[in-house]
Structures are given as C-alpha cells and as structure tokens.
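Working notes, structure below.
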Amino acid sequence: MATSLSKTGSGVQARGAIAGTGRTSWQDGTVFVLPDAVAAMAARGPQWQAWVDRLPAIVAGQLRDWSLTPDGVPSHGFCSVVLPVRADDGSAAVLKVAFPDDESEHEHLALRRWGGAGAVRLLRADPHRRAMLLERLHERNLNELWDIEACEVVAGLYARIHVAALPQLRPLAGFIREWTAELRKLPRSAAVPRRLVEQAISLGTDLAEDPACGGTLIHGDLHYENVLAADREPWLVIDPKPMSGDPHYEIAPMLFNRFDELEGYVREGVRRRFHTMVDAAGFDADRARAWVIVRMMHDAMWELTENDVPDAHHLTTCVAIAKAVQD
Ligand SMILES: Nc1ncnc2c1ncn2[C@@H]1O[C@H](COP(=O)(O)OP(=O)(O)O)[C@@H](O)[C@H]1O
Ligand SMILES: [Mg+2]
C-alpha cells in the first residue's frame, strides 16, 4: 500500500532475493544482480520500466566513479535498491539508488542538513542519478521493538530532525491544498463515512492556511522500518521524503504500520500509540489528532480513486484510525 509521495508513506519492505534479472558485471568479475523485487517494479509503468532498465548501469557507474566495491546482497525498499559496499579506505557503506520521483529529489538535502544527528550520515550524493553513499547501519529496525517502545524512540528522534526547513523543500501546505481539493470531489456515495470526509476537508483547509503548517524540515515517512539500529547511536532515521511542514504531521505512519498487531483492541492500541507519541514529543494533542484524521482520509481517498478494486482492509484501517484518535 505504499504510494508515491509516500503519500502517507507506508514503505512495505523486504530483503532482496539474489536470483533474477538485470545482471551486470565489472572488470574484476563482480556480478550485480538486480533483486527480483526491484526488477518487478518495472510493472508499475513505463517510467519504472525505464528506471529498472537503467539501474544496472547506474549502479555500475556509481561503483566506478566513487571507487566502491560491492560487499553483500542488495536489499531494497518500495522505490530503491540498496547495495552494501566498501569504500576504497575499507569503510562499510551502502549505495542507495532511488526511483527519480519528486519524493526522492530532496532526500540528500535533508540528510546533509541533519549531518548525522539522529539520522544516517550522507557520505556522497549524485542527485542527478538519485544515488547516495550512506554510512552502513544494521539490518535491525524498529519492528523488533514493542510498538509502544518504538513510538517512544521515534518521538525522541523528532526533536533531533525537526530543524528549520531548507528553502528548496516543497511546502506541505501546497500538497494539503491539492489533496483537500481532491477530497472535495469524492462522491458522497464513496465507501468511507461522509462525516470523516467532511471533517478532513475542514481540518485540511484550516491546517493548510496556518503558518505553522510550514517552516520545519519534516521526514514525511517516518515509520518503524525507516529507523535502523546503529553503533554510534542506538537508532538512526533513514529514507526521508522531506518537506517544509509541521512536526505534528509525522505521527500517522506509526499508527497505520503494524496495524494488524492491534487486532482485538484497535481503539485502545491506536490511542496508546498516539498518546505515547504526543506526550514524548511534547506535541499539541488536538493538532496531532487533526493531522491523523486528514492523513488517513487522504490515504482512503487514494485507495478509492487509484485502484480498480479498492482494498477493503486498507479502507477499514484508515477509518478505524481516524475514529480511534477522536472517539
Ligand atoms: N544506511 C543503511 N544501512 C543499511 N541498510 C540500509 C541503509 N539504508 C537503507 N538500508 C536498507 O535498505 C532498505 C530500503 O532503504 P530505504 O532508504 O528505506 O528505501 P525506500 O525509500 O525504498 O524505502 C531499508 O529498509 C534497509 O533494509
Ligand atoms: Mg524505506
């Protein structure tokens, strides 16, 4: 259910299988094999197909230009391939090459701005190719913690990464205006409670006009799998889809990821995560609640409008979360 602009960001992730297509080899005999799941991204459309076709050459070019040696099995996210490498001084790093969409355009700027404080350190970037050399972190992510403990970790990281936005970043308010306009066009008969749709239109309109909707560098897609274990700090953030926004926007992905774990106590489970994060981050609860409702209704709208057969489970999740934070 991950989408472009991660719209709400859900990053379904998996480790890369080594068998597959897209083989390429270098002078020293090293073979890079595109993970099957990355090769399969070609089915998403012509632009993805073109990117997947180019990917082996991009990876080969970066390895050559940055004097890197492959050092392990490639993994991937929803829209990237990540290859463990060694730099020529022997240090461990990863080469990340992302699909060239708006979301990945400013990733390197956010990472550079953070300078390794609370986030993975950016070692080099080639924005044109959407390639980045990053310090290598561990495989472990926040999925391995109890969800409430993970919420505390993430809320603690907010204070480190929510610094003044860079001028190049896209304003969250612009996206919210656009998505609120789309929400207005949703037919009254759509398979989501009208009350929630109306509420999200009203809240989104107010939030987008509020000066506090912008000015802060926000991650945009901060969920359990985008926080990796590290040596120099226990946990570090990866994979920003940065915008100039409002810190309170960040909470929703921590509620809808690992949602199925809350079966049988959805309302209590969602509320416990929400209040843990609001308290630990020192957020305004009403403002955080408003963003959760808005984000969940945008997510429901994309499910309804972008799929021939909307996923009923995803819709139910969106509605359950939007209700749970306010009932
Ligand atoms: N610095 C890193 N060190 C080790 N593994 C990484 C690093 N960055 C990313 N990965 C691995 O690659 C996966 C995808 O990377 P991510 O930046 O989340 O890309 P996406 O935007 O596609 O979700 C991560 O889930 C993780 O397994
Ligand atoms: Mg990710």
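Remember, it's 1-based here, ligands and their atoms both numbered in the order they're listed. Every value quoted in this text rests on a predicted model; they were computed, and no experiment measured them.
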**OP:** Return the orientation label for the Y158 and F283 ring planes: parallel under 30°, perpendicular over 60°, tilted otherwise.
**Re:** parallel
Subject >> Short side-chain to backbone donor-acceptor contact, R86 and T69, under 3.5 Å >> reply: no
Original post:
How many angstroms lie between CZ in R136 and CG in L123, if you round to the nearest 0.5 Å?
Top reply: 11.5 Å
**OP:** Could you confirm whether S80 has any N/O/S atom lying under 2.8 Å from the Mg ion (ligand 2)?
**Re:** no
Original post:
So is L137 polar-close to ligand 1, meaning N/O to N/O under 3.5 Å?
Top reply: yes
Original post:
In terms of atom number and element, which parts of ligand 1 are under 4.0 angstrom from non-hydrogen atoms of G77?
Top reply: 14 (C), 20 (P), 22 (O), 23 (O)
**OP:** Answer with side chain, backbone, both or neither: which part of C79 has a heavy atom less than 4.0 angstrom from an atom of ligand 1?
**Re:** both
Original post:
Just by modelled atom types, is the Y224 backbone N or O under 3.5 Å from a matching donor or acceptor in the R258 side chain?
Top reply: no
**OP:** Give the contacting part of R121 toward ligand 1: side chain, backbone, both or neither, where contact means a heavy-atom distance below 4.0 Å.
**Re:** neither
Original post:
Do D147 side-chain atoms and R273 backbone N/O form a donor-acceptor pair below 3.5 Å?
Top reply: no
Subject >> N or O contact, N226 vs ligand 1, cut-off under 3.5 Å >> reply: yes
Subject >> Heteroatom distance test (E107, ligand 1): nitrogen or oxygen, under 3.5 angstrom >> reply: no
**OP:** Using a strict 4.0 Å cut-off to heavy atoms of V120, name the atoms of ligand 1 that fall inside it.
**Re:** 1 (N)
Original post:
Using a distance-only test with no angle check, is there a side-chain donor-acceptor pair under 3.5 angstrom linking H138 and D231?
Top reply: yes
Original post:
Can you name the N, O or S atom of D239 that is closest to the Mg ion (ligand 2)?
Top reply: OD2
**OP:** Check if E139 has a non-hydrogen atom at a distance under 4.0 Å from any atom of ligand 1.
**Re:** no
Original post:
Between S80 and ligand 1, is there a nitrogen or oxygen pair with a distance under 3.5 Å?
Top reply: yes
Subject >> ligand 1 atoms in contact with V94 (distance to a heavy atom under 4.0 Å) >> reply: 1 (N), 2 (C), 3 (N), 4 (C), 7 (C)
**OP:** Verify, without hydrogens or angle tests, whether T276 (side chain) and E152 (backbone) share a donor-acceptor contact under 3.5 angstrom.
**Re:** no
**OP:** Give yes or no for whether the N/O distance cutoff of 3.5 Å, strictly under, is met between K241 and ligand 1.
**Re:** yes
**OP:** Could you grab the distance from atom CE of M297 to atom CD1 of I201, nearest 0.5 Å is fine?
**Re:** 11.0 Å
Subject >> For H76, atoms of ligand 1 separated by under 4.0 Å from a heavy atom >> reply: 13 (C), 14 (C)
Original post:
In terms of hydrophobic clustering (I, L, V, M, F, W, Y; side-chain heavy atoms under 4.5 Å; direct or indirect links), are I58 and V81 co-clustered?
Top reply: yes
Original post:
Quick check: does any side chain N or O of E135 sit under 3.5 Å from a backbone N or O of R121, one acting as donor and the other as acceptor?
Top reply: yes
Subject >> Interfacing atoms of ligand 1 (cut-off 4.0 Å, heavy-atom, S75) >> reply: 11 (C), 12 (O)
**OP:** Examine F78 against ligand 1 and note whether any of their N/O atoms are separated by less than 3.5 Å.
**Re:** yes
